[in-house]
A.B. asks: 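Below is one structure. I have some questions about it.
In what follows, every heavy atom counts, from backbone to side chain, and hydrogens, waters and symmetry copies are set aside. We're numbering straight along the sequence, starting at 1.
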Amino acid sequence: MASNRHLGRIIVLQSLYEYEFRKGAGDATAEIDTIVAKNIEPYAKALGDTEFVYNLARAVSDEFATLDAALQPLAPEWPISTIAAIDRNVLRMGLYELQSSAETVPPKVAINEAVELAKAFGSDNSSKFINGVLGTAYRQIYNEDNSGEEKNHEEKKQSEVKSEKITDAEASAVAEDVHTGEAATAA
């Protein structure tokens, strides 16, 4: 059985996909809260925390353009508009959680959840693509935080030991864990 948050992310993905499709088709009545309410109804009891679903869906849908602009340089050979809608929305969700939810969703979990959604709902290569793009985003986001920490070797070593951020090698290990099914899947 899927964890509550995993189920919530599935509902968010379904809702974002529908919202984007309806907006693209010119449906002026498409509202993310209405779409989420319809999609959440059959699962409300099993889900428990419906506010997580509404908050994530609202946040991601409000920031489509910003998230797309941030994603484009991470996969420059794939224009955002040419990426499959499911993959595009999984990337948006994953990037949003990496950028804005690190205090409640560990980065490794955000990436793993996005990869799991891609495996379940994307094409055969979606999970690898999602993992690569979000892994790059992760390294960029967290390397920026460490840019001023080059005072001396010992201070840097202590900082790395205390830091909860993962290195490139650990990010690769996360990717390997995801492919073998050993990474954490609940947040």
Side-chain angles (χ1 to χ4, degrees), residues 1-21 32 35-36 39-40 42-61 63-64 67-68 70-71 74-75 78 80 83-142 164-187:
M1 169 118 185
S3 73
N4 289 347
R5 289 238 169 145
H6 183 71
L7 176 59
R9 286 181 182 94
I10 291 170
I11 295 167
V12 171
L13 177 59
Q14 177 183 4
S15 299
L16 292 172
Y17 180 87
E18 180 179 341
Y19 178 74
E20 182 181 25
F21 180 81
I32 195 65
I35 294 168
V36 169
N39 291 334
I40 212 171
Y43 308 102
K45 287 182 184 177
L47 187 60
D49 181 15
T50 59
E51 204 54 37
F52 168 77
V53 177
Y54 281 102
N55 289 339
L56 183 58
R58 284 181 201 126
V60 174
S61 65
E63 294 189 28
F64 273 178
L67 292 167
D68 289 354
L71 285 166
L74 301 175
W78 293 96
I80 294 297
I83 296 173
I86 288 290
D87 295 350
R88 185 171 48 246
N89 283 296
V90 170
L91 283 169
R92 288 170 176 159
M93 289 171 59
L95 183 61
Y96 176 81
E97 287 194 301
L98 279 174
Q99 290 177 334
S100 305
S101 300
E103 59 281 346
T104 56
V105 179
K108 288 181 181 182
V109 173
I111 293 171
N112 186 54
E113 283 290 316
V115 169
E116 290 302 318
L117 288 172
K119 285 180 182 178
F121 301 104
S123 67
D124 291 342
N125 293 320
S126 293
S127 62
K128 292 176 185 174
F129 178 68
I130 301 291
N131 189 49
V133 172
L134 292 179
T136 300
Y138 173 85
R139 287 187 295 279
Q140 288 182 0
I141 291 167
Y142 292 96
E164 293 183 16
K165 299 168 186 127
I166 65 172
T167 64
D168 288 346
E170 289 171 321
S172 296
V174 169
E176 184 61 31
D177 288 347
V178 167
H179 294 298
T180 61
E182 295 173 8
T185 58

A.B. asks: Could you give the distance from CD (Glu63) to CG (Asp68), rounded to the nearest 0.5 Å?
C.D. replies: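 Output value for this atom pair is 11.0 Å.
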A.B. asks: Below 4.0 angstrom, N of the basic side chain to O of the carboxylate: do Glu116 and Arg9 qualify?
C.D. replies: no
A.B. asks: Which heavy atom in Val53 sits nearest to a heavy atom in Gly8, and how many Å separate them?
C.D. replies: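 Residues Val53 and Gly8, closest heavy atoms: CG2-CA, 3.5 Å.
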A.B. asks: Assess the residue pair Arg5 and Asp49 against the criterion (side-chain contact (heavy atoms from CB on, under 4.5 Å)); give the C-alpha distance rounded to whole Å, side-chain angles, the decisive distance to 0.1 Å, and a yes or no.
C.D. replies: CA-CA 8 Å; Arg5 289 238 169 145; Asp49 181 15; 4.2 Å; yes
A.B. asks: Measure across Ala46 and Asn4 and return the closest heavy-atom pair with its distance rounded to 0.1 Å.
C.D. replies: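 The answer is O-OD1, 2.9 Å.
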A.B. asks: How close do Leu98 and Tyr142 get, counting heavy atoms only, and between which atoms?
C.D. replies: O-OH, 3.6 Å
A.B. asks: Starting at CZ of Phe52, measure out to CG of Leu7 and round the result to the nearest 0.5 Å.
C.D. replies: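 One finds 10.5 Å between CZ of Phe52 and CG of Leu7.
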A.B. asks: Does atom CZ of Phe64 have more than 12 heavy-atom neighbours, drawn from other residues, nucleotides or ligands, at distances under 6.0 Å?
C.D. replies: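 Yes, the 6.0 Å shell around CZ holds more than 12 heavy atoms from other groups.
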A.B. asks: Could you pull out all residues at least two apart from Glu18 that satisfy side-chain hydrogen bond (donor to acceptor under 3.5 Å, both in side chains)?
C.D. replies: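 Testing Glu18 for side-chain hydrogen bond (donor to acceptor under 3.5 Å, both in side chains), a comparison that skips the adjacent residues, returns Arg22, Lys38.
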A.B. asks: Rounded at 0.5 Å granularity, tell me how far CD1 in Ile40 sits from CD1 in Ile11.
C.D. replies: 5.0 Å
A.B. asks: Take Arg139 and Thr136 through the test side-chain contact (heavy atoms from CB on, under 4.5 Å) and record every step on the way to the result.
C.D. replies: CA-CA 5 Å; Arg139 287 187 295 279; Thr136 300; 3.4 Å; yes
A.B. asks: If every non-hydrogen atom of Ala57 is compared with every non-hydrogen atom of Leu16, which pair is closest and at what distance?
C.D. replies: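 Distance-wise, the nearest heavy atoms are O-CD2, 3.8 Å.
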A.B. asks: Say whether, by atom type as modelled, one donor and one acceptor occur between the side chain of Asn89 and the main chain of Ala85 under 3.5 angstrom.
C.D. replies: yes
A.B. asks: To check you understand the geometry: which heavy-atom pair defines the closest contact between Ala70 and Leu95, and what is its length?
C.D. replies: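 Residues Ala70 and Leu95, closest heavy atoms: CB-CD2, 3.7 Å.
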A.B. asks: Where is the tightest heavy-atom contact between Ile130 and Ala114, given as atom of each residue plus distance?
C.D. replies: CG2-CB, 3.8 Å
A.B. asks: What residues, two or more places apart in sequence or in another chain, satisfy salt bridge (charged side-chain N to carboxylate O under 4.0 Å, His left out) together with Glu20?
C.D. replies: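 Applying salt bridge (charged side-chain N to carboxylate O under 4.0 Å, His left out) to Glu20 gives Arg88, Arg92.
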A.B. asks: Which distance, rounded to the nearest 0.5 Å, do you find between the CD of Glu51 and the CG of Leu56?
C.D. replies: 11.5 Å
A.B. asks: Please step through side-chain contact (heavy atoms from CB on, under 4.5 Å) for the pair Val60 and Glu97, ending with a clear verdict.
C.D. replies: CA-CA 9 Å; Val60 174; Glu97 287 194 301; over 6 Å; no
A.B. asks: Sequence neighbours excluded, which residues qualify as side-chain hydrogen bond (donor to acceptor under 3.5 Å, both in side chains) partners of Ser61?
C.D. replies: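 Residues passing side-chain hydrogen bond (donor to acceptor under 3.5 Å, both in side chains) with Ser61: none at all.
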A.B. asks: Output, in order, the C-alpha distance, side-chain angles, deciding distance and verdict of side-chain contact (heavy atoms from CB on, under 4.5 Å) for Leu91 and Phe129.
C.D. replies: CA-CA 9 Å; Leu91 283 169; Phe129 178 68; 3.7 Å; yes
A.B. asks: Is the ring pair Tyr17/Phe21 parallel, tilted or perpendicular, if the boundaries are 30 and 60 degrees?
C.D. replies: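 Plane angle under 30°, so parallel.
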A.B. asks: For Ser126, enumerate each residue passing the side-chain hydrogen bond (donor to acceptor under 3.5 Å, both in side chains) test, keeping only those at least two apart in sequence or located in another chain.
C.D. replies: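 With sequence neighbours excluded, Ser126 shows a side-chain hydrogen bond (donor to acceptor under 3.5 Å, both in side chains) to Asp87, Ser123, given in chain and number order.
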A.B. asks: The criterion is salt bridge (charged side-chain N to carboxylate O under 4.0 Å, His left out); which residues satisfy it with Glu103, sequence neighbours excluded?
C.D. replies: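 Result, salt bridge (charged side-chain N to carboxylate O under 4.0 Å, His left out) vs Glu103: none returned.
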A.B. asks: Nearest 0.5 Å, what's the NE2-CD1 distance between His6 and Ile10?
C.D. replies: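 Result: 3.5 Å between the selected atoms.
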A.B. asks: OG/Ser127 to CZ/Phe121 distance, rounded to the nearest 0.5 angstrom?
C.D. replies: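 Those atoms lie 13.5 Å apart.
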A.B. asks: Among residues at least two apart in sequence or on other chains, which ones pass side-chain hydrogen bond (donor to acceptor under 3.5 Å, both in side chains) with Asn55?
C.D. replies: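 In terms of side-chain hydrogen bond (donor to acceptor under 3.5 Å, both in side chains), with neighbours along the sequence ignored, Asn55 is linked to Arg58.
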